[in-house]
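Heads up, the thing below is written out as C-alpha cells.
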Amino acid sequence: MHEEEIKSVVDALLKARHVAVLTGSGISAESGIPTFRGADGLWKKFRAEELATPEAFRKRPQLVWEWYAYRRQIISSAGPNPGHFALAEMQRWFPQFTLITQNVDGLHQAAGSEGVLELHGNIFIDRCASCGREESVMGRPIQMSGPPKCSCGGLIRPGVVWFGESLPAGVLEKAMAAARSAEVFFSIGTSALVYPAAALPEMAGESGAMVVEINPETTPLSGRVDVSLRASAASVLPKIVEKYKTVTSA
Ligand code: OAD
C-alpha cells in the first residue's frame with residue numbers, strides 16, 4: 001500500500017537539508033486522544049465558544065477549568081504512538097528539522113522530539129489570567145476542581161491558545177520561516193481549517209517545498225499537495241522511516 005507515494009517522499013527526503021512538519025490532533029488519535037472535528041471529535045459533543053474562549057473562562061471559570069482537567073486526565077494516561085516516534089527519529093537525519101504542532105498534549109516531546117514549536121500552547125501549563133505567571137504541572141496530580149488562585153489573587157487557566165487569542169510570541173514567526181525554507185513539508189493529522197496554522201503548508205508550497213499530506217480523510221489542502229498519503233500517521237510514518245533507512249544503509 002502507498003509504495004509509490006512513499007518512494008517519492010523518500011527520494012525527496014534523501015536530497016533535503018531542511019524538513020518541516022505540521023501536526024494536528026490526528027497524529028495523537030492512535031494514542032487514544034480524541035480529535036476535534038472527526039466522528040468522535042470534541043467539537044461534535046461540546047461547543048468551542050463555551051469552553052475554549054477567554055469570554056467562556058470569564059463567565060464560567062469552573063466549567064472551563066473542569067473541561068481542561070478532564071482533557072488533562074485523558075492525555076496523561078496516553079503515550080506517544082509509532083507516528084510520534086517516527087518523527088523523533090527523522091529529526092536526526094537532517095541538518096535542520098522543524099516540528100510545528102497544533103497539539104497541546106506534549107506527546108512529541110515524550111517521544112523524544114526536540115525544539116517542538118507548540119503553536120497552541122501546552123495543556124500542562126498553568127497560567128495566571130491576571131499576572132501571566134506560568135508554571136508547568138506536568139507529572140503532578142491533576143487538580144480536578146478549580147480554577148485555583150495565583151498568589152496575586154488572579155485565576156489560574158490552562159496555558160493553551162483559545163479562539164480569539166494570539167499565538168505565543170515568536171512561535172508563529174519561527175514556524176513561518178521554517179515553512180518558507182523547508183524543502184519537504186509534511187501536514188499530518190490536521191483538518192487544515194484553523195488559521196494561521198493552516199496557512200503554513202500553503203506557504204511552504206509557494207516557496208517550492210514538496211508538500212506531503214498524511215491523513216485518512218481529504219481536507220481543503222488535499223487538492224493542492226504534491227503527495228497525498230491517505231493513511232493513518234501511525235501506520236505510514238514508520239514505513240517512511242523504514243524505507244529511508246533501507247535506502248541509506250544500502
Ligand atoms: P481536527 O479535529 O480539526 O482534525 C483532525 C484531522 O486528523 C482530521 O482531518 C482527521 O481526518 C485526521 N486524522 C484522524 N485520525 C488520524 C490518524 N490516525 N492519522 C492521521 N490523521 C488522522 O484537529 P486539528 O486540525 O488539530 O485549536 O485542529 C486544529 C485546531 O482546532 C486545534 O489545535 C484546536 C482545535 O480547535 C485550539 O484549541 C485553539
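Atoms considered below: every heavy atom in the structure, side chains included; atoms not considered: hydrogens, waters and symmetry mates. Order of appearance sets the numbers: ligands from 1, and atoms from 1 within every ligand.
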Side-chain donor/acceptor pairs under 3.5 Å, residues 8-16, sequence neighbours excluded:
from	atom 1	to	atom 2	distance (Å)
Ser8	OG	Glu5	O	3.0
Asp11	OD2	Lys7	NZ	3.0

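Between Lys245 and Glu89, at least one side-chain N (NZ, or NE/NH1/NH2) sits under 4.0 Å from a carboxylate O, which counts as a salt bridge. Using a 4.0 Å cut-off between charged nitrogen and carboxylate oxygen, Asp105 and Arg72 do not count as a salt-bridge pair.
Sorted by chain then number, the residues whose non-hydrogen atoms approach ligand 1 to under 4.0 Å are Gly24, Ser25, Gly26, Ala29, Glu30, Thr35, Phe36, Arg37, Trp43, Gln102, His120, Val161, Phe163, Gly189, Thr190, Ser191, Val194, Asn215, Pro216, Glu217, Ser232, Ala233.
Residues passing the side-chain hydrogen bond (donor to acceptor under 3.5 Å, both in side chains) test with Ser25: none are found, sequence neighbours excluded.
Ring geometry for Trp162 versus Tyr68: interplanar angle of 30 to 60°, hence tilted.
Taking a 4.5 Å side-chain heavy-atom cut-off between Ile, Leu, Val, Met, Phe, Trp and Tyr, the cluster of Ile142 extends to Met144.
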